[in-house]
Number of protein chains: 2
Amino acid sequence: MTIHRVLVVEDDHGLRDVLARGLREEQFEVLTAADGAGALRTIDDQIDAVVLDIGLPDSDGRDVCQAMRAAGLDMPVIFLTARDGLTSRLSGFSAGGDDYLAKPFHLAELAARVRAALRRAGREATTEVDGLLLDPVAHVLKTADGTQMPLTPTEFRLLASLMAAPGAVVRRHALVRSAWPEGAQVNDNTLDQYLRRLRRKLREAGCERGISTIRGVGYRFT
Amino acid sequence: MTIHRVLVVEDDHGLRDVLARGLREEQFEVLTAADGAGALRTIDDQIDAVVLDIGLPDSDGRDVCQAMRAAGLDMPVIFLTARDGLTSRLSGFSAGGDDYLAKPFHLAELAARVRAALRRAGREATTEVDGLLLDPVAHVLKTADGTQMPLTPTEFRLLASLMAAPGAVVRRHALVRSAWPEGAQVNDNTLDQYLRRLRRKLREAGCERGISTIRGVGYRFT
DNA sequence: CGAAGCGTTCAGGTTGTGTTCAGGCACGCC
DNA sequence: GGCGTGCCTGAACACAACCTGAACGCTTCG
């Protein structure tokens, strides 16, 4: 999993901490701000996404977003709204391909939305190894001859991890750590299956490179 | 294969933990610091490499690097820069750093870069004897003519132990201690078998050097 | 509702690694 | 030379690691 920088803007201290800690556990790098002014002070083009509470003490979250856009900052924004009603109004507004989430919500859902937004915005890093490239926007593997092979999210994370350091052995548990959420219990066989599917997709895409097994150690993309 | 000591300097707590844990799993000994001041307090000539965030709260990572150099510390530095900033790329190099890595990145890639930097700096994460090198990243034996010979984990540990001190005699029980877990009961003949297999693999790889027997004492890599 | 896609699990087969056994060769000592 | 010890060799074995094909539950989406 690649590491992204997320700014959380929320006035409630407790909630802000919960969000920050939760997103960190989901492998994000997290900055925080307590109000609109602080957000605009913190924000720059190194932020990959913003989680933005609509009801801020000093200003409306949407104004903050507009100020961002005016400053030429185009990263995705996930709005947090105080339950119901508002959401319908927001869906029409949806400025800049953003997303919204009504309180209360699950951390896992927020993390998923942030990821989805990053993907849509093309903020994921493209990995490329010798003509073979991994397109993070479309979640597709593109070969030199233009063939496109769709990948599932988990397949994508696994292959990205393998291609990040071509030729190097990646240990099994390192693969698990990079493709599954922190602390997930993953059956050995599950990983086997994914490698099997990845190898088949690579073969079907007519790719001469492949994943070799280093028995007792891990796998290597060659 | 000696263990290397890496200092990770990163202000974000979550990211720092992820990096530290990941590098430890890759067999590094990891120290951490949260800012430039802490880094300069921690650092000494026992550190083999530094992973240094450019954007630190109290100072620029490049200044930290320059301060290091001024103090006569010449270990390699891998800069972490916020997404593809070309400027930080260049100035990172002019500050005497060895490599850079743009966020977001994969752990496997960071580990590979740290190893590469150590190798370039002559701190040798890989064992090399006269064109024959044992590559722990790819987990293979590479000969001068480019042949790659895969090794099993135990073979790898044994050969590493022999190549660590070329020309010196390594006693049998010393070999056992370095290639098997502490307190393992190893049949004499088992070691014989491994030497046999190693010699054959060396021969098959077209290597003129070999392992000679010192009867009653041990073995020597010449 | 049904269909499709994704993640996961199960059962069974295959292979490589680590290990042991039986026997042979070579060296050193008497 | 006879003999023992240390090392080498070829073959065989057990078991874990890994691969494979098939199926199941779950969610999503039409």
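Each chain gets a letter, A, B and so on, in the order its sequence line appears, and its residues count up from 1. Model, not experiment: these values are computed from the prediction.
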Between [N] ([atom2]) and [X] ([atom1]): distance, integer Å:
X        : N      : atom1 : atom2 : result
B:Arg196 : C:dT20 : CZ    : C1'   : 14 Å
B:Lys201 : C:dG16 : NZ    : P     : 11 Å
B:Arg157 : C:dG18 : CZ    : C1'   : 11 Å
B:Phe156 : C:dG18 : CZ    : P     : 13 Å
A:Trp180 : C:dG7  : CH2   : P     : 9 Å
B:Ile214 : C:dG28 : CD1   : C1'   : 16 Å
B:Glu155 : C:dT19 : CD    : C1'   : 13 Å

Answer yes or no: side-chain N or O of A:Arg215 and base N or O of C:dT14 forming a donor-acceptor pair under 3.5 Å.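 Between C:dT14 and A:Arg215, which were checked side chain against base, a qualifying N/O pair under 3.5 Å is absent.
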For DNA chain C, determine which residues of residues 185-193 of chain A have any heavy atom closer than 4.0 angstrom to one of its atoms, and list them numerically. A:Asn187, A:Asn189, A:Thr190, A:Gln193
Remember a base hit wins even if backbone is also touched, and classify A:Arg172 as base, sugar-phosphate or nothing at under 4.0 Å, heavy atoms.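 Sugar-phosphate, no base atom in range.
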Once you apply a heavy-atom cut-off of 4.0 Å, does A:Arg200 come out as touching a base, just sugar-phosphate, or nothing? nothing
Under a 4.0 Å threshold between the charged nitrogen and the carboxylate oxygen, would B:Arg24 count as salt-bridged to B:Glu29? no
I'd like to know if B:Glu109 and B:Arg113 make a salt bridge, using a cut-off of under 4.0 Å between side-chain N and carboxylate O. yes
Any side-chain donor paired with an acceptor under 3.5 Å for A:Arg157 and A:Thr152?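 No - no donor-acceptor pair under 3.5 Å links their side chains.
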Whether the B:Arg177 and B:His173 side chains hold a donor-acceptor pair (N or O, under 3.5 Å, no angle test) is what I'd like checked.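 Note: B:Arg177 and B:His173 side chains meet the donor-acceptor criterion.
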Are any of B:Thr152's side-chain N or O atoms less than 4.0 Å away from OP1 or OP2 of C:dG16?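 No.
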Check every nucleotide of DNA chain D for an atom under 4.0 Å from a heavy-atom of chain A, then give the first and the last such nucleotide from 5' to 3'. D:dA17 to D:dA23
Would you say the side-chain atoms of [X] pair up with the backbone N or O of [Y], donor to acceptor, closer than 3.5 Å?
X        : Y        : value
B:Asp12  : B:Leu15  : yes
B:Glu25  : B:Gly22  : no
A:Arg220 : B:Ala138 : yes

Please collect all ring pair (Phe, Tyr, Trp, His ring centres under 6.0 Å) contacts where either partner lies in residues 193-222 of chain B, sequence neighbours excluded, each pair once.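 Listed by first then second residue: B:Trp180-B:Tyr194.
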Hey, is CD on A:Gln185 packed in by over 12 heavy atoms from elsewhere, all under 6.0 Å?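 Open: at most 12 neighbouring heavy atoms sit under 6.0 Å from CD of A:Gln185.
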